[in-house]
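The sequence lines fix the lettering, A, B, ..., with proteins before strands; numbering per chain opens at 1.
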Protein chains: 2
Amino acid sequence: MENDPRLSLRLHFNKGLTFGRGKADLLQAIAEEGSISAAGRRLGMSYRRAWALVEDMNGHFHAPLVDSSRGGAKGGGASVTELGQSVLADYRALEAMLRDAPQIATLRMALEGDISEQK
Amino acid sequence: MENDPRLSLRLHFNKGLTFGRGKADLLQAIAEEGSISAAGRRLGMSYRRAWALVEDMNGHFHAPLVDSSRGGAKGGGASVTELGQSVLADYRALEAMLRDAPQIATLRMALEGDISEQK
DNA sequence: GAGGGTTATGTCTGCCGGGACATAACGGAG
DNA sequence: CTCCGTTATGTCCCGGCAGACATAACCCTC
């Protein structure tokens, strides 16, 4: 991803759902690839895991974030629903808001060995 | 803690450090109790774990967040350094900023069974 | 000096999350 | 009808993390 690897955000919600970079990137990759397995390959994770994450997301929201249908050769595949795109956009916005927050800069400066890499 | 249990924030930094509610609450409890073990008791975690978290924090920042000295009966104990208080304040500020973000409200509404509990 | 509360550290075990592997069911292309 | 790529699901196993237990060193109060 083109995102800053030095900082990532994970949200913990009430019902055991955690939403972080992993699910966000997966959602984005599915939207761009049109397939769960292709997205998984691109992100270097097994299809098993990618599907598990999708199932988790779909189960915790009141409507699925990812629609999917079986069959290969352009037959089946997966797509991100409106809700899914909305969730993804919200997460990215929060990520950006956080990244630009002054407190993050303060914390970074207090970290060990983080001074060197702001060339 | 008096904080909203339905949402929590975890920051992932570059060098394997993760800072979330656990460490933040611990830091705050140490500041208020003046002792690692007392803080651990209050939060319902073992001293072993509390100390491990402190060690992790102190190791990842360029200066310790918690000062400690041995001995009981008001002899030793632990206190949160200026840096520690600053880090804690920064985290609380980010938490608040996040909690009040409109995207969080949007996400909450999309979650399963989250509508009922806003009495 | 005895006792209690504290920091600091070692070790063991159980659990569970994730990775690896396997398989079924399906659908379009050719 | 065959083949390929996909969704969907089951099972096994291993590593790492968390909790439980144990101990040492320390320091103040009484």
Side-chain angles (χ1 to χ4, degrees), chain A residues 8 10-13 15-27 29-60 63-81 84, chain B residues 8 10 12-13 15-27 29-61 63-81 84:
Chain A
S8 76
R10 178 184 282 185
L11 278 347
H12 282 75
F13 292 97
K15 207 52 183 177
L17 171 67
T18 68
F19 194 93
R21 275 275 290 278
K23 293 209 181 84
D25 287 352
L26 178 61
L27 221 49
I30 290 175
E32 292 171 10
E33 299 278 354
S35 149
I36 296 180
S37 68
R41 277 195 303 270
R42 195 169 96 180
L43 297 182
M45 75 176 69
S46 70
Y47 172 79
R48 189 74 180 82
R49 171 141 184 78
W51 187 84
L53 294 181
V54 168
E55 186 195 34
D56 189 42
M57 283 189 280
N58 281 350
H60 278 88
L65 303 194
V66 173
D67 272 347
S68 58
S69 54
R70 295 186 169 188
K74 199 56 204 325
S79 65
V80 175
T81 64
Chain B
S8 78
R10 180 185 281 185
H12 281 77
F13 292 97
K15 209 51 182 175
L17 172 67
T18 68
F19 194 94
R21 275 274 291 278
K23 293 210 181 81
D25 287 352
L26 178 62
L27 220 51
I30 290 175
E32 292 172 9
E33 298 278 352
S35 151
I36 296 180
S37 68
R41 276 195 302 271
R42 196 170 92 179
L43 298 182
M45 73 176 71
S46 71
Y47 173 78
R48 191 72 180 83
R49 171 142 185 78
W51 187 84
L53 294 181
V54 168
E55 185 195 35
D56 188 43
M57 283 190 280
N58 282 350
H60 277 88
F61 286 86
L65 304 193
V66 172
D67 272 346
S68 58
S69 55
R70 295 186 170 190
K74 197 61 202 318
S79 64
V80 176
T81 64

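- OP1 or OP2 of D:dT6 has not a single side-chain nitrogen or oxygen of A:S68 nearer than 4.0 Å.
- Atom-to-atom, CG of A:D56 to P of C:dG17 comes out at 11 Å; the value is rounded to the nearest Å.
- Here the C1' atom of nucleotide D:dG5 and the NZ atom of A:K74 are 13 Å apart, to the nearest Å.
- Listed for the B:N58 side chain is a donor-acceptor partner under 3.5 Å among the backbone atoms of B:V66.
- What separates CG of B:L53 from C1' of D:dG19 is a distance of 13 Å, to the nearest Å.
- One atom, CD of A:E55, and another, P of D:dT9, lie 7 Å apart when rounded to the nearest Å.
- Between the B:K23 side chain and the B:T18 main chain, a donor and an acceptor come within less than 3.5 Å of each other.
- Between B:R42 and B:E32 there is a salt bridge, since at least one side-chain N of the basic residue sits less than 4.0 Å from a carboxylate O of the acidic one.
- The CH2-P distance, from A:W51 to C:dG19, rounds to 16 Å in whole Å.
- Nearest nucleotide to the side chain of A:I36, out of C:dT6, D:dT7, D:dT9: D:dT7.
- With distances taken from any side-chain atom of A:R49 to the nucleotides C:dG18, D:dG10, D:dA8, the minimum falls on C:dG18.
- Across every non-hydrogen atom of B:L26 and B:A50, the tightest pair is CD2-O, 3.6 Å.
- Taking atom CZ on B:R48 and atom C1' on D:dC21, their separation rounds to 11 Å, with Å as the unit.
- C:dA8 atom P lies 10 Å from atom CG of B:D67, rounded to whole Å.
- OP1 or OP2 of D:dT7 sits under 4.0 Å from a side-chain N or O of A:S35.
- Nearest heavy atoms, A:T81 versus A:P64: OG1-O, 2.9 Å.
- Between the OH atom of B:Y47 and the P atom of D:dA24 there is a distance of 16 Å, given to the nearest Å.
- Not a single donor-acceptor contact under 3.5 angstrom links the side-chain atoms of A:R70 to the base of C:dG28.
- The residue among B:S46 and A:A78 whose nearest nucleotide of DNA chain D is located toward the 5' end is A:A78.
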